[in-house]
Structure formats: structure tokens, C-alpha cells
Peer 1: 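What follows is a structure written as C-alpha cells; I'll ask about it next.
The analysis underlying the following values was restricted to heavy atoms, covering all of them including side chains, and did not include hydrogens, waters or symmetry mates.
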Amino acid sequence: MANPLSLTLVHDTSYVASGGLEERTTINRTLGIVAYEYRINDSTLIFADAQVLRGNNGSDSVGDLQAFSNIDEAELTKIYEVWVEKLFYEENLRFKIGQVDANNEFAYAEHAGEFIHSSMGF
């Protein structure tokens, strides 16, 4: 059984060409995610991930009410998810308990992972 450890880095660069609070400004931010999953057996999985965000919040330079990037936020370092999932009845029923991102369960579009615009988050 594989127990993968993964690292994901998302870097976003924006440029305020005109308007906004700070014209001709470059905005950089990077989100790092470290995740680990451990499969106890065919029906039980343990998952944990942590996130680190560094860089500038684009809304501070633009002055908008709705963030234009999904990774715009104050700098952070935190445990994001820790949960245990158990499958029952040939995987027709599952229970998941812990700190879970509900967006991954209920509001997730599999093929939209590369888009970082924030409208769907609101």
C-alpha cells in the first residue's frame, strides 16, 4: 500500500496596470500545501495537510471588495485538514470525521482545479 506524501506550490503574480489603490504594482503570493495520507486497510484512510501562504494580498493594492484570487489572504501557517474516513458496504457508504474542508466534499469541480479566481468561493 502506498502512503504518499505530497507538496503542492501555487504561485500567483498579478500586475495593477491602472486604477486601483496602487497603480503599476506587481503582486506576488505563494501557497504551499504539504499533505500525507495513510491507508490503514482497504476501507480506512487517514489524511492530514498543512498550508503556508506568503506574499501580498492583491485586494490591498487594488481596493476591491471581492478578492480576485482564491489565494488572497493574510499570511498564514496552519493545519488545514486532519480526518479519518471509513468505507462500508462495498464503498456505498462512508463516514469521515475530523477537520474537513467541506468544499472538497460538496462544492468541488474536478476539472476546475487550475482556476484560482475567487468568485466560486463566495
Peer 1: Please identify each residue that fulfils side-chain hydrogen bond (donor to acceptor under 3.5 Å, both in side chains) with D60, with sequence neighbours left out.
Peer 2: none

Peer 1: What I'd like to find out is whether the side chain of I33 reaches to under 4.5 Å of the side chain of Y80, using heavy atoms alone.
Peer 2: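 Side chain of I33 against side chain of Y80, heavy atoms only: no contact under 4.5 Å found.
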
Peer 1: Report the residues that fulfil ring pair (Phe, Tyr, Trp, His ring centres under 6.0 Å) with Y89, sequence neighbours left out, ordered by chain and then residue number.
Peer 2: none

Peer 1: Who are the side chain to side chain contact (heavy atoms under 4.5 Å, CB included) partners of V34, not counting sequence neighbours?
Peer 2: L5, L7

Peer 1: Linking directly or through intermediates, with side-chain heavy atoms under 4.5 Å: list the remaining ILVMFWY members grouped with I79, chain and number order.
Peer 2: V82

Peer 1: What are the two closest non-hydrogen atoms of I71 and L53, and how far apart are they?
Peer 2: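 In this case the closest contact between I71 and L53 is O-CD2, 3.4 Å.
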
Peer 1: Under the side-chain hydrogen bond (donor to acceptor under 3.5 Å, both in side chains) rule, what pairs show up with a residue in residues 47-56, not counting sequence neighbours?
Peer 2: R54-T77

Peer 1: Quick one: do R94 and E105 make a salt bridge, cutoff under 4.0 Å?
Peer 2: yes

Peer 1: What is the distance from atom CD of E85 to atom CD of E37, rounded to the nearest 0.5 Å?
Peer 2: 10.0 Å

Peer 1: For S43, which residues count as a side chain to side chain contact (heavy atoms under 4.5 Å, CB included) partner, sequence neighbours excluded?
Peer 2: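 Partners of S43 under the side chain to side chain contact (heavy atoms under 4.5 Å, CB included) test: N41, K86, L87.
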
Peer 1: Grab the two heavy atoms, one from G32 and one from L9, that are nearest each other, plus how far apart they are.
Peer 2: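 Answer, listing the atom of G32 first, then L9: CA-CD2, 3.7 Å.
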
Peer 1: Cluster partners of L45, using ILVMFWY side-chain heavy atoms under 4.5 angstrom, listed by chain and number?
Peer 2: F47, W83, V100

Peer 1: Should L76 and V10 be counted in the same cluster of Ile, Leu, Val, Met, Phe, Trp and Tyr side chains packed under 4.5 Å apart?
Peer 2: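 Yes, because L76 and V10 connect within a single hydrophobic cluster, where side-chain heavy atoms sit under 4.5 Å apart.
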
Peer 1: For T13, check side-chain hydrogen bond (donor to acceptor under 3.5 Å, both in side chains) against everything at least two apart and list the hits.
Peer 2: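 Partners of T13 under the side-chain hydrogen bond (donor to acceptor under 3.5 Å, both in side chains) test: H11, N28.
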
Peer 1: Show the atom names and distances, to 0.1 Å, of all donor-acceptor pairs under 3.5 Å that link a side chain in residues 14-21 to residues at least two apart or in another chain.
Peer 2:
unit_1, atom_1, unit_2, atom_2, d
S14, OG, R29, NH1, 3.3
S14, OG, R29, NH2, 3.3

Peer 1: Could you tell me the separation between the OG1 atom of T44 and the CD1 atom of I46, rounded to the nearest 0.5 Å?
Peer 2: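 It comes to 8.0 Å.
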
